[in-house]
Q: 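First, the structure itself, so that you have it in front of you.
Ligands are counted one by one from 1 in listed order, and the atoms in each one are counted from 1 as well. All heavy atoms count here, side chains included; hydrogens, waters and symmetry mates do not.
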Amino acid sequence: MALNIVPFVSVDNMMKLVLHLGPERVMTEIAGYIEEDFRRWESFDKTPRVASHSDVGVIELMPTSDGEMYGFKYVNGHPKNTKEGLQTVTAFGLLAEVQTGYPILLTEMTILTALRTAAMSALAARHLAPQGATTMALIGNGAQAEFQALAFHAICGVTHVRLYDIDPVATEKCARNLSGSGLKLTRCASAEAAMEGAQIITTCTADKQLATILTDNMVGPGTHINAVGGDCPGKTELHRDILLRSAIFVEYPPQTRIEGEIQQLAPDHPVTELWQVITGAAMGRTDARQITLFDSVGFAIEDFSALRYVHDQLKTLPYSEPLDMIADPDDPRDLYGMLLRAKARAA
Ligand code: NAD
């Protein structure tokens, strides 16, 4: 493809790609890409994402580069959107070549974000969850939920998911979509009920407030908590006392301290960076009774890994269309001349 033509993955093509390979395979492979990139963490540019807040939500840009490729994602988070028939989270992203600065991929990332978030959660749990964990409580059964359940099934060996949402319609939707997945599913009437017998708890709710989805007395020793929904200043899911009892693992501390559950703690409260657990430089779970918490907020390198994955898939799969996105005159300095020639052709 000429350099001025950028492969574009529409929502339709992303669905075709995911269905062609299978969502569980895609999440397992994206987890592999994330793991690879976390192992070379120090070679990336890193910055907390650039957030523009409003009373109803947030719009964010998430850039990073490994020196060869540059990627960014545009993403929003608007918990009130579902009441208006709109998604809480939508996204698109771009990958570019550092050598030329030319984009090499533009893609929808609403579906890709759900895939990469679940892949990241399951990757973290593989390092942190108690040995032999098979039951997960899934609290918040919205757009991300099925992806989380399937990733934990494929990557961590979870076989039983206990579902709870304040809206039973969401739980019903989730159970229906997951029927036939091979997972045993239990619909629960409260968060407490969902947690019965669960070694892993995933919180995946959306509410723009300091919520208390889990209180301290609900979390027993040995649990792994995958806290996905608290990802903005003033938007958390866990009671502070849980954090004080947990070994806390994060993606990029400067961003998580602003956005994660740990915004409730002192700025110097000790946390472990997940990339160091992956490389073996830091310990993950150290004993069976420890409560481990992955304070997930979503970091740019995970999106970079997902973009890199899609870019690699397009080398053999046909799920993109050419986008005439970069003005590229024959004489690079004659941009205006290109406009004049187009005018002459149109006349
Ligand atoms: P969604 O709006 O589709 O679903 C959220 C669900 O949570 C809804 O079904 C809602 O009824 C339920 N809910 C709200 N309050 C609840 C409560 N107190 N108890 C139980 N259920 C409750 O949103 P989504 O796209 O599934 O996203 C879920 C959350 O994950 C959002 O907060 C989003 O910002 C966050 N998110 C985080 C990452 C990350 O990388 N950490 C990535 C994507 C999304």
Side-chain angles (χ1 to χ4, degrees), residues 30 34 49 51 53 56-60 62 73 75-91 93 109-124 137-149 151 162-175 177 187-195 201-215 218 225-239 249-252 255-256 258-262 274 293-303 305-306:
I30 290 178
I34 294 174
R49 59 184 155 197
H53 296 280
V56 289
V58 65
I59 296 176
E60 297 163 324
M62 304 173 68
K73 179 168 85 173
V75 63
N76 78 302
H78 286 65
K80 55 98 196 157
N81 268 8
T82 49
K83 291 189 189 72
E84 298 158 23
L86 301 171
Q87 292 267 289
T88 298
V89 175
T90 67
M109 285 192 83
T110 305
I111 297 167
L112 194 56
T113 291
L115 294 161
R116 81 83 159 112
T117 301
M120 182 68 235
S121 286
L123 174 61
L138 182 51
I139 301 171
N141 302 154
Q144 310 299 317
E146 294 88 337
F147 296 89
Q148 290 282 331
R162 299 176 63 83
L163 303 168
Y164 171 67
D165 193 293
I166 39 168
D167 181 356
V169 175
T171 301
E172 217 32 62
K173 173 255 353 172
C174 191
N177 286 341
R187 298 163 179 77
C188 301
S190 66
E192 288 91 331
M195 286 158 61
I201 305 169
T202 289
T203 54
C204 199
T205 68
D207 204 350
K208 202 167 166 42
Q209 60 159 330
L210 297 170
T212 313
I213 308 302
L214 303 186
T215 52
M218 291 161 77
I225 307 171
N226 169 41
V228 176
D231 59 358
C232 246
K235 176 169 173 272
T236 56
E237 294 179 304
L238 308 184
H239 192 283
F249 298 83
V250 302
E251 292 141 314
Y252 179 57
Q255 181 178 311
T256 313
I258 299 169
E259 302 178 351
E261 296 299 327
I262 58 169
L274 210 49
L293 164 63
F294 172 38
D295 187 0
S296 158
V297 291
F299 186 55
I301 294 177
E302 295 146 38
D303 296 308
S305 310

Q: Using a plain distance cutoff, I'd like to know if Val228 has any nitrogen or oxygen under 3.5 Å from a nitrogen or oxygen of ligand 1.
A: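 Yes, since at least one N or O of Val228 sits under 3.5 Å from an N or O of ligand 1.
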Q: Side chain or backbone, does Thr88 bring an N or O within less than 3.5 Å of an N or O on ligand 1?
A: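 N/O-N/O distance under 3.5 Å: yes.
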Q: May I ask you to check if ligand 1 and Asn141 share an N or O to N or O distance below 3.5 Å?
A: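 There is no such contact.
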Q: Checking the N or O distance criterion of under 3.5 Å, is ligand 1 in contact with Thr82?
A: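 No; every N/O pair is 3.5 Å or more apart.
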Q: If I compare all heavy atoms of Ile139 with all of Ala191, which pair ends up nearest, and what's the gap?
A: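 Of all heavy-atom pairs spanning Ile139 and Ala191, the closest is CD1-CB, 3.9 Å.
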Q: Tell me which protein heavy atom sits closest to atom 27 (O) of ligand 1, plus the residue, atom name and distance to 0.1 Å.
A: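 Checked against all protein heavy atoms, atom 27 (O) of ligand 1 sits closest to Gln144 CG, 3.4 Å.
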Q: Any idea which protein heavy atom is nearest atom 28 (C) of ligand 1, and the distance to it?
A: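 For atom 28 (C) of ligand 1, the nearest protein heavy atom comes out as Cys204 O, 3.4 Å.
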Q: Between Cys188 and Ala194, which heavy-atom pair has the shortest distance, and what is it?
A: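 Distance-wise, the nearest heavy atoms are SG-CA, 3.5 Å.
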Q: If we only count N/O pairs under 3.5 Å, is Thr113 in contact with ligand 1?
A: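 No; the residue has no nitrogen or oxygen that sits under 3.5 Å from a nitrogen or oxygen of the ligand.
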Q: Would you kindly specify which portion of Ala170 sits under 4.0 Å from ligand 1, judged on non-hydrogen atoms: side chain, backbone, both or neither?
A: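 Ala170 to ligand 1: side-chain contact only, backbone stays beyond 4.0 Å.
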Q: Using a 4.0 Å heavy-atom threshold (strictly under), name the region of Lys235 that reaches ligand 1: side chain, backbone, both or neither.
A: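 Side chain only.
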Q: Taking all non-hydrogen atoms of both residues into account, name the closest pair between Thr203 and Ile213 and its distance.
A: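 Nearest pair, atom of Thr203 first, then Ile213: CG2-CG2, 4.1 Å.
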Q: What part of Thr117, side chain from CB on, backbone N/CA/C/O, both or neither, has a heavy atom under 4.0 Å from ligand 1?
A: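 Looking at Thr117 and ligand 1, just side chain atoms fall under 4.0 Å.
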Q: I want to know if ligand 1 touches Thr205 in the polar sense, i.e. an N/O pair below 3.5 angstrom.
A: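 Looking only at distances, the answer is yes, because the N/O contact criterion of under 3.5 Å is met.
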Q: Does either side chain, that of Asn76 or that of Thr90, offer a donor lying less than 3.5 Å from an acceptor on the other one?
A: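 Yes.
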Q: Of all the non-hydrogen atoms in the protein, which one sits nearest to atom 33 (C) of ligand 1, and at what distance?
A: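 Among all protein heavy atoms, the one nearest atom 33 (C) of ligand 1 is Asp231 OD2, 3.7 Å.
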Q: Return the minimal non-hydrogen interatomic distance between Glu261 and Glu237, and the atom names on each side.
A: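 Minimum heavy-atom contact is OE2-N, 2.8 Å.
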Q: Considering non-hydrogen atoms of the protein only, which is the closest contact for atom 18 (N) of ligand 1, and what is the distance?
A: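 Ranking protein heavy atoms by distance from atom 18 (N) of ligand 1, first comes Ile213 CD1, 3.1 Å.
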Q: Which ligand 1 atoms are under 4.0 Å away from a heavy-atom of Gly298?
A: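 Once the distances to Gly298 are compared, the set is 39 (C), 40 (O), 41 (N).
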Q: Considering heavy atoms of the protein only, find what lies nearest to atom 3 (O) of ligand 1 and give residue, atom and distance to 0.1 Å.
A: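 That would be Ala143 N, 2.9 Å.
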Q: Taking all non-hydrogen atoms of both residues into account, name the closest pair between Ala122 and Ala151 and its distance.
A: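 Ala122 and Ala151 have their closest heavy atoms at CB-O, 3.7 Å.
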Q: Determine whether the side chain, the backbone, both or neither of Val297 has a heavy atom under 4.0 Å from any heavy atom of ligand 1.
A: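 Backbone only.
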Q: Considering only non-hydrogen protein atoms, determine which one is nearest to atom 41 (N) of ligand 1 and report residue, atom name and distance to 0.1 Å.
A: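 Of every protein heavy atom, Ser296 OG, 2.8 Å lies nearest to atom 41 (N) of ligand 1.
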Q: Of the choices Ile166, Val58, Thr256, Asn226, which has the non-hydrogen atom that lies closest to atom 15 (N) of ligand 1?
A: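 Considering heavy atoms of Ile166, Val58, Thr256, Asn226, the nearest to atom 15 (N) of ligand 1 sits in Ile166.
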Q: Ile201 pairs by side chain to side chain contact (heavy atoms under 4.5 Å, CB included) with which of Met195, Met218, Arg162?
A: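 With Ile201 as partner, side chain to side chain contact (heavy atoms under 4.5 Å, CB included) holds for just one option, Met195.
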Q: Please state whether Tyr164 comes within less than 4.0 angstrom of ligand 1, counting heavy atoms only.
A: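 The answer is yes, since Tyr164 has a heavy atom less than 4.0 Å from ligand 1.
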Q: Please check: side-chain N/O of Gln87 versus main-chain N/O of Asn81, any donor-acceptor pairing under 3.5 Å?
A: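 No, Gln87 side chain to Asn81 backbone: no donor-acceptor pair under 3.5 Å.
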Q: Any heavy atom of Ala211 closer to ligand 1 than 4.0 angstrom?
A: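 Judged by the 4.0 Å heavy-atom criterion, Ala211 does not count as contacting ligand 1.
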Q: Any idea which heavy atoms bring Met62 and Val75 closest together, and the distance?
A: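 What the structure gives for the nearest pair is SD-CG1, 3.7 Å.
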Q: Does any N or O atom in Gly229 lie less than 3.5 angstrom from one in ligand 1, N or O only?
A: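 There is such a contact, yes.
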Q: Identify whether the distance between the nearest side-chain nitrogen and carboxylate oxygen of Lys235 and Glu259 falls below 4.0 Å.
A: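 Salt bridge absent between Lys235 and Glu259.
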Q: Asp165 to ligand 1: N or O pair under 3.5 Å?
A: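 By distance alone, the answer is yes.
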Q: May I ask you to check whether Tyr252 and Phe299 place their ring centers less than 6.0 Å from one another?
A: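 So the answer is yes for these two rings.
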Q: Determine whether the side chain, the backbone, both or neither of Arg116 has a heavy atom under 4.0 Å from any heavy atom of ligand 1.
A: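 Side chain only.
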Q: Would you say Asn141 and Thr171 are linked by a side-chain donor-acceptor pair, where the criterion is simply a distance under 3.5 Å?
A: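 Side chains of Thr171 and Asn141: pair found under 3.5 Å.
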Q: Give the numbers and elements of all ligand 1 atoms closer than 4.0 Å to a heavy atom of Gly142.
A: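 Counting from 1, the qualifying ligand atoms are 3 (O), 4 (O), 6 (C), 9 (O), 26 (O).
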Q: Does a salt bridge link Glu60 with Lys73, judged by any charged N lying under 4.0 Å from a carboxylate O?
A: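 Looking at Glu60 and Lys73, the cut-off is not met.
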Q: For Ala91, is there any backbone N or O sitting under 3.5 Å from a side-chain donor or acceptor partner on Thr110?
A: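 Yes; judged by distance alone, with no hydrogens or angles, the pair exists.
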